[in-house]
Number of protein chains: 2
Amino acid sequence: MSVAIENFVKAIYKNGKRDNNDTKPGNIAKELGISNAAATDMAKKLATKDLLNYKKYQELKLTDKGTKMALNVVRKHRLWEALLFKLFDMSLHDIHREAELLEHQTSDLLANKISEYLGNPKFDPHGDPIPNEDGEITTTDTSIPLSNTEEGKTYTISRLMSDDKEFFDFCAQNGLKYGNSILISKQFSKNKMTQILINNNTILLNQDFTSIIYVNEQD
Amino acid sequence: MSVAIENFVKAIYKNGKRDNNDTKPGNIAKELGISNAAATDMAKKLATKDLLNYKKYQELKLTDKGTKMALNVVRKHRLWEALLFKLFDMSLHDIHREAELLEHQTSDLLANKISEYLGNPKFDPHGDPIPNEDGEITTTDTSIPLSNTEEGKTYTISRLMSDDKEFFDFCAQNGLKYGNSILISKQFSKNKMTQILINNNTILLNQDFTSIIYVNEQD
DNA sequence: AAAAATATTTAAGCTTACTTAAAAATATTT
DNA sequence: AAATATTTTTAAGTAAGCTTAAATATTTTT
């Protein structure tokens with residue numbers, strides 16, 4: 001299956017989630033930056049491949065096969081994002097752009113290797129869920145914001161729920177990275193600040209940050 | 001520039017090195033698995049883009065621009081091989097296959113990040129040189145085979161010059177990986193065996209192996 | 001509910017990267 | 001050096017994935 005097809009089913013999947021199912025050709029076309037005519041053509045073609053159900057003037061609906069393909073691409077995208085984020089100092093924006101291309105050139109084998117290397121994470125650095133090999137998504141998230149942690153305990157960073165460049169610059173400077181360990185040295189209940197120890201550095205964070213940094217308790 | 005074009009200049013570059021410059025369309029076509037006619041067509045087209053010089057019935061000769069493009073693709077291929085080999089337990093054969101696709105979907109920025117992460121290696125796990133950002137290749141290799149090392153010194157593995165699956169299985173089992181440290185515990189001059197310490201394991205290697213495992217002295 | 005605006009579909013056409021078949025040139029064998 | 005074999009080139013054609021323009025259907029506004 002081609003890159004164009006993978007992107008098409010992915011766009012339907014994402015648009016379906018976001019815009020309460022407005023998956024008519026025009027919407028998909030806008031998402032992909034192609035003409036409406038091209039989207040209609042592609043929709044017809046994919047219907048013959050049993051990837052979606054197509055009825056004139058109606059919303060495009062992915063079949064089980066189509067959904068599975070979309071989830072497979074999403075899985076690879078998010079695994080790449082998680083890996084690049086862990087290994088390299090790159091902005092999430094740049095990482096996203098690379099993942100957008102790499103996702104289509106990744107065997108299932110390699111995807112599994114990346115997943116395994118990362119400890120089979122259920123969420124990517126944005127906090128978006130990573131589908132597993134069978135396309136299953138974990139919706140229940142056991143991680144909690146830093147603001148809800150307990151003094152003296154050690155946690156692992158699981159999500160950095162932001163798209164803000166400044167926030168990520170701050171994270172990069174202070175070792176706040178997906179997977180890294182944090183010891184909560186003090187919770188100031190009065191002003192809602194949190195003092196943490198990371199990489200042998202003590203940092204004080206305010207609630208703007210502790211509410212978007214998610215962690216899991218270490219066992 | 002498209003994947004087809006990148007593969008075409010890469011094929012000319014590689015064929016030029018290997019078969020003392022037999023870079024006529026038929027040879028390139030065979031390398032790429034396309035028809036001779038397609039190769040001729042592409043050659044004409046790339047000549048208009050100043051990537052190669054084309055004269056009827058003659059060898060295809062890359063221009064500086066074409067050579068640079070080929071080296072850029074080769075660089076990305078070998079960086080991917082080096083990275084995947086370092087991170088994952090995968091056969092070199094599988095790794096090669098992945099790299100063959102990833103090489104075309106990798107920005108210069110990402111390539112540089114991979115290179116930096118690996119310590120800007122000059123050779124990939126096969127022992128093939130990795131061109132730098134400017135397309136320069138290191139031909140002088142400072143690494144030496146394990147058979148030439150000195151007792152008591154510590155080295156870093158720099159090349160595993162083989163395509164043999166069994167050899168790589170052995171390497172995987174014993175932590176013999178690109179970048180890993182080896183302490184030479186004993187050199188047996190009589191039977192040309194070498195005893196090494198790696199990952200707290202002592203292994204005895206015969207000359208079949210010590211002549212294809214290359215290392216650099218650690219400073 | 002009719003008119004206007006918007007979206008979808010159809011139709012025709014383009015580019016890229018191939019293919020096969022036949023013609024022309026080059027290489028090899030005898 | 002002639003005959004044969006191989007390669008290269010040309011020519012014509014195909015599939016994928018687009019485009020624009022016009023026709024048709026649906027939605028929204030009045």
Side-chain angles (χ1 to χ4, degrees), chain A residues 1-16 18-62 65-66 69-70 73 100-101 103-105, chain B residues 1-13 15-16 18-62 66 69-70 73 100-101 103-105:
Chain A
M1 295 288 174
S2 70
V3 173
I5 292 177
E6 288 189 349
N7 278 330
F8 201 85
V9 295
K10 189 178 109 180
I12 296 173
Y13 177 80
K14 290 179 78 177
N15 249 319
R18 197 178 33 240
D19 307 340
N20 41 255
N21 267 58
D22 192 355
T23 53
K24 286 189 183 162
N27 242 300
I28 307 305
K30 200 181 284 176
E31 170 98 15
L32 294 173
I34 61 178
S35 69
N36 288 8
T40 300
D41 270 7
M42 185 61 103
K44 280 184 188 169
K45 185 170 124 189
L46 297 198
T48 72
K49 290 185 193 286
D50 191 33
L51 289 167
L52 53 82
N53 295 314
Y54 173 72
K55 271 189 212 152
K56 273 192 183 183
Y57 304 105
Q58 308 261 92
E59 281 82 11
L60 307 178
K61 297 230 170 75
L62 290 178
K65 189 176 162 195
M69 179 185 278
V73 178
E100 205 70 14
L101 299 177
E103 64 186 14
H104 306 292
Q105 310 298 335
Chain B
M1 295 288 175
S2 69
V3 173
I5 293 177
E6 288 189 350
N7 278 330
F8 201 85
V9 295
K10 189 178 109 179
I12 297 173
Y13 177 80
N15 249 320
R18 195 178 37 238
D19 307 341
N20 40 254
N21 267 58
D22 190 355
T23 54
K24 286 188 183 163
N27 242 298
I28 307 303
K30 200 181 284 176
E31 170 97 14
L32 294 173
I34 61 177
S35 69
N36 288 8
T40 301
D41 271 6
M42 184 62 103
K44 280 185 188 168
K45 185 170 125 190
L46 297 198
T48 72
K49 289 185 193 285
D50 191 33
L51 289 167
L52 52 81
N53 294 314
Y54 173 72
K55 270 190 213 154
K56 274 189 182 187
Y57 304 105
Q58 309 260 91
E59 282 82 12
L60 307 178
K61 296 232 170 76
L62 290 178
M69 178 184 281
V73 178
E100 204 70 14
L101 299 177
E103 64 187 15
H104 305 292
Q105 311 297 335

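Convention: sequence-line order gives letters A, B, ...; per-chain numbering from 1. This one's a predicted model, so the numbers in the text were calculated from it and none came from an experiment.
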- Item | Contact nearer the 5' end of DNA chain C, comparing A:Lys55 with B:Ser2 |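 The residue mapped nearer the 5' terminus is A:Lys55.
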- Query: Do any of residues 35-45 of chain A sit with a heavy atom less than 4.0 Å from DNA chain C, and if so which?
  - Reply: A:Asn36, A:Ala37, A:Thr40, A:Lys44
Minimal non-hydrogen separation, [X] against [Y], with atom names:
X	Y	result
A:Leu32	A:Asn7	CD2-O, 3.7 Å
B:Asn27	B:Asn15	O-ND2, 3.6 Å
B:Asn36	B:Gly26	OD1-CA, 3.6 Å
B:Val9	B:Leu62	O-CD1, 3.8 Å
A:Phe8	A:Ala43	CZ-N, 4.0 Å
B:Ala39	B:Pro25	CB-O, 3.5 Å

- Query: Got a sec, which residues hit side chain to side chain donor-acceptor pair (under 3.5 Å) with A:Glu6, two or more places apart in sequence or on another chain?
  - Reply: A:His104
- Query: With a 4.0 Å cut-off on heavy atoms, is B:Tyr54 in touch with a base, just the backbone sugar-phosphate, or nothing at all?
  - Reply: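 Sugar-phosphate contact only.
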- Message: I need the CG-C1' distance between A:Asn27 and D:dT27, as an integer number of Å.
- Response: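 Atom-to-atom, A:Asn27 to D:dT27, this comes out as 15 Å.
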- How does DNA chain D look in dot-bracket form if you count Watson-Crick and G-U pairs under 3.5 Å, write [ ] for pairs that cross, and put | where a base pairs with another strand? ||||||||||||||||||||||||||||||
- Task: Would you mind listing every salt bridge (Lys or Arg N to Asp or Glu O under 4.0 Å) that reaches into residues 29-52 of chain A, with sequence neighbours excluded?
- Result: A:Arg18-A:Glu31
- Query: Can you list the residues that meet the side-chain contact (heavy atoms from CB on, under 4.5 Å) rule with B:Glu100, with sequence neighbours excluded?
  - Reply: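 For B:Glu100, the residues satisfying side-chain contact (heavy atoms from CB on, under 4.5 Å) (neighbours in sequence not counted) are B:Lys10, B:His77, B:His96, B:Glu103.
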- Message: Below 4.0 Å from chain B heavy atoms, what is the first contacting nucleotide of DNA chain C and what is the last?
- Response: C:dT16 to C:dA27
- Ignoring hydrogens and angles, tell me if any N or O in the side chain of B:Thr23 forms a donor-acceptor pair with the backbone of B:Ile12 under 3.5 Å.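 No, the answer is negative, given that no donor and acceptor are paired below the 3.5 Å cut-off.
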- Message: Return whichever of A:Gly33 or A:Lys56 has its heavy-atom-nearest nucleotide of DNA chain D closer to the 5' end.
- Response: A:Gly33
